[in-house]
Each structure stands twice: as structure tokens, then as C-alpha cells.
Amino acid sequence: MTETTGTRSGPTGAGRATDPGAPPGASTTAPAVPAARRSDVRPGAVGLPLLGLVIALTAWWLVTSVLELVHPASLPPPQAVWSSLTSTVDVLLPALGWTTLMTLVGFLLSAVAGVLIGMALAASRRVERMFAPLLVAVNAVPKIALGPLLVVSVGWGEKPILTMVFLLCFFPIVLSTATGLTTTPADLAELARSLNASWWQAFRKVRFPAALPQIFVGLKVAMPLAAIGAVIGEFYSDLPGLGYQILQYNGIGDTATAWAAIVLIAAMSILLYSALSLVERLALPWLRETTSSR
């Protein structure tokens with residue numbers, strides 16, 4: 001009796017081809033092709049922010065030019081701000097460079113110090129009880145009131161600006177770092193103990209990587225605060241940044257140019273925040289795969 005090979009019949013073997021050389025019991029079904037992963041770059045990632053910008057500019061134009069609900073001396077219309085920006089670009093662009101530099105340097109200093117302080121608070125409950133109230137007290141002090149005192153204490157130039165940025169930024173970074181390091185998932189902590197990992201091994205392999213999402217939350221909260229601190233510091237400094245230009249143009253009644261400087265500060269903050277979000281996605285590629293998304 002001749003044995004035929006080919007396509008099996010029946011509800012379970014329909015459509016599956018048999019291989020005469022395959023070992024008994026081996027599956028000959030072709031592997032399923034994985035579904036294409038959704039692209040990280042979505043049209044809405046660019047289109048929706050642009051739409052929001054158009055809506056905001058339209059509302060600004062309606063309030064100032066059509067309905068005239070606000071006096072132009074307080075809030076000039078967008079076309080007046082744009083005209084002032086183009087006519088003073090040779091002054092405002094160098095000022096933007098100074099403000100961006102002070103923002104980045106102050107943010108990096110506060111990030112390093114904030115992570116280290118947060119690690120110290122997470123490492124010892126006694127240290128946390130000793131210094132946590134002092135950190136809260138320092139954060140509660142109105143920073144704008146410290147401006148004149150900083151000029152007297154540290155002098156003119158870059159120091160009061162960097163100090164103001166540091167004072168505004170470090171607390172959310174400290175808090176997020178300490179929170180992340182003290183809320184390690186129980187299963188990961190138990191796994192490190194079961195493997196007899198040393199304190200340093202558990203910190204380097206488990207606790208710190210698990211805390212990185214929380215640390216980046218603090219960094220992203222602190223980034224806009226860094227821009228605010230740089231501008232406030234420039235109010236009491238002789239460096240020709242955007243904060244200095246706002247005071248100068250507002251003092252001579254040129255509110256349109258002052259608002260142009262404010263618009264540049266807002267654009268700078270958006271770009272820096274977006275860059276930090278990109279760094280987070282590159283540093284934590286596993287985060288989007290292990291957390292729920294909207």
C-alpha cells in the first residue's frame with residue numbers, strides 16, 4: 001500500500017503541509033509573521049501641537065485686535081510682537097544664547113546635586129529625618145525675594161543667575177530621586193536578595209534603574225523652572241540675557257519687544273523640554289513597553 005504525502009485533511013490539519021524528512025511529532029507550521037510595530041513618529045505628534053499653537057495665536061489676536069479686551073500697552077497684538085521681534089533680532093538672539101546657556105548650566109548643576117542629595121536621603125532614614133525639613137524650608141522661600149540678596153552675597157555676573165536656577169530646580173529632582181529609590185518594586189528587591197547581591201550590586205542593577213522613570217519626572221518638572229530661574233536671576237544681573245532685555249524694553253515703554261523676549265523664552269523652554277523627553281526615551285527604551293499607554 002502506497003503512503004501519500006501532501007496536505008492533511010480534517011479540521012486540525014487543514015492547510016498544513018507535511019515534510020517527509022521531518023522527525024515524528026515536529027511541527028511543520030510556518031512561523032507567524034509578527035505584526036508591524038506602530039511607528040513612534042505619529043502625525044499627531046507634530047500636527048496637534050501646531051494646531052494648539054494656531055488656536056492660541058488666534059485667541060490672542062481676537063482678544064487684542066478684534067475684541068480689544070486688553071490695552072495694547074499691557075498685551076500687544078501678535079503682529080506687533082512679531083514686528084518688534086524681527087526688528088530687534090540682532091539684540092534678542094544673542095540674549096537668547098545667554099539665557100539658554102545659563103539655563104542649561106544651572107539645570108545640569110541642580111540635576112547632579114539633586115540626584116546626589118536624593119540618594120543620600122534614600123540611603124539613610126536618619127539623614128532624611130535630619131535634612132528633609134530643611135530642604136522643604138529652603139524650597140518654600142520666595143525666590144524672587146532672594147534676588148537682591150544674591151547680588152550682595154555672590155556679586156554680579158553669572159553667579160546670581162546660576163544660584164537662582166539651582167534654588168528653583170533642585171527640590172523636585174531631590175524629591176523624585178528619593179521617591180524612586182525608596183519605592184523599588186518588591187519582586188525586584190526580593191530577586192536581588194535571593195541572588196545574594198551586595199548593596200552596590202543591588203543599587204546598580206535594580207534600585208537605580210527602577211528609579212530612573214521617577215528621576216526623569218523630576219528632571220522634566222525642573223526644566224521649565226530652570227528657565228524661570230535664569231530670567232529671574234537676569235533681573236538682578238548685568239548679563240544681557242532675555243530677562244535683562246525685558247527690564248530694559250519695559251522700562252522705556254516698548255512692551256511689544258518685551259513680549260517678543262517672553263515669546264523667545266517660551267520657545268526655548270519648549271525645545272529644552274522636548275530634548276529632555278527625547279533623552280528619556282533613548283535612555284529608557286523599555287519604559288513604553290512595560291507601562292500602559294493612552
Side-chain angles (χ1 to χ4, degrees), residues 102-147 149-150 153-154 159-230 232-233 269 272-273 276-277 279-284 286-287 290-292:
M102 293 296 100
T103 301
L104 287 175
V105 173
F107 175 78
L108 292 176
L109 292 176
S110 61
V112 173
V115 170
L116 293 178
I117 295 173
M119 290 170 57
L121 295 180
S124 173
R125 187 173 297 273
R126 291 183 178 180
V127 174
E128 179 185 4
R129 291 176 178 175
M130 288 172 58
F131 295 105
L134 296 178
L135 295 175
V136 173
V138 172
N139 184 64
V141 174
K143 306 304 182 294
I144 190 69
L146 296 177
L149 300 178
L150 290 178
S153 302
V154 300
K159 293 181 180 179
I161 303 175
L162 297 178
T163 304
M164 186 65 69
V165 174
F166 181 86
L167 291 175
L168 278 173
C169 289
F170 87 101
F171 187 77
I173 300 175
V174 171
L175 185 61
S176 63
T177 302
T179 302
L181 291 175
T182 54
T183 56
T184 305
D187 53 347
L188 295 180
E190 183 63 27
L191 176 62
R193 284 192 293 267
S194 65
L195 296 176
N196 294 324
S198 64
W199 181 91
W200 172 247
Q201 290 174 331
F203 176 83
R204 184 168 59 92
K205 297 290 187 179
V206 177
R207 294 185 64 193
F208 191 76
L212 282 177
Q214 282 283 352
I215 294 175
F216 270 100
V217 169
L219 293 175
K220 290 193 289 187
V221 171
M223 178 57 79
L225 295 177
I228 296 174
I232 295 176
S269 300
L272 292 180
Y273 184 88
L276 182 60
S277 298
V279 171
E280 179 188 20
R281 296 182 63 176
L282 295 177
L284 307 177
W286 46 267
L287 184 60
T290 57
T291 55
S292 61

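All figures in this text were calculated on a predicted structure; none of them were measured in a lab.
Between Met102 and Ile161, the shortest heavy-atom distance links the atoms CB-CG2, 3.7 Å. The two residues Val221 and Leu225 come nearest to each other via the heavy atoms O-CG, 3.5 Å. Taking both residues in full, the closest heavy atoms of Pro209 and Phe203 are given as CD-O, 3.8 Å, listed atom of the first, atom of the second, then distance. Contact detail for Ala111 and Leu219: the closest heavy-atom pair is CB-CD2, 3.8 Å.
Other residues, nucleotides and ligands contribute only 12 or fewer heavy atoms inside 6.0 Å of the NZ atom of Lys205.
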Throw together a table of side-chain donor-acceptor distances under 3.5 angstrom for residues 117-132, partners on residues two or more places apart or in other chains.
from   : atom 1 : to     : atom 2 : distance (Å)
Ser124 : OG     : Arg126 : N      : 3.4
Ser124 : OG     : Val127 : N      : 3.3

N/O donor-acceptor pairs under 3.5 Å from side chains in residues 164-174, not counting sequence neighbours:
none

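Going from atom CG of Leu104 over to atom CG of Leu109 covers 11.0 Å, rounded to the nearest 0.5 Å. Between the CG atom in Leu146 and the CD1 atom in Ile232 there is a gap of 10.0 Å [rounded to 0.5 Å]. Between the CD1 atom of Ile228 and the OG1 atom of Thr103 there is a distance of 10.0 Å, given to the nearest 0.5 Å. Separation of atoms CZ (Phe216) and CZ (Arg281) is listed at 13.0 Å; rounding is to 0.5 Å. Between the CG atom in Leu212 and the OG1 atom in Thr177 there is a gap of 9.5 Å [rounded to 0.5 Å].
Residues Phe107 and Leu276 form a side-chain contact, since some pair of their non-hydrogen atoms from C-beta on lies under 4.5 Å apart.
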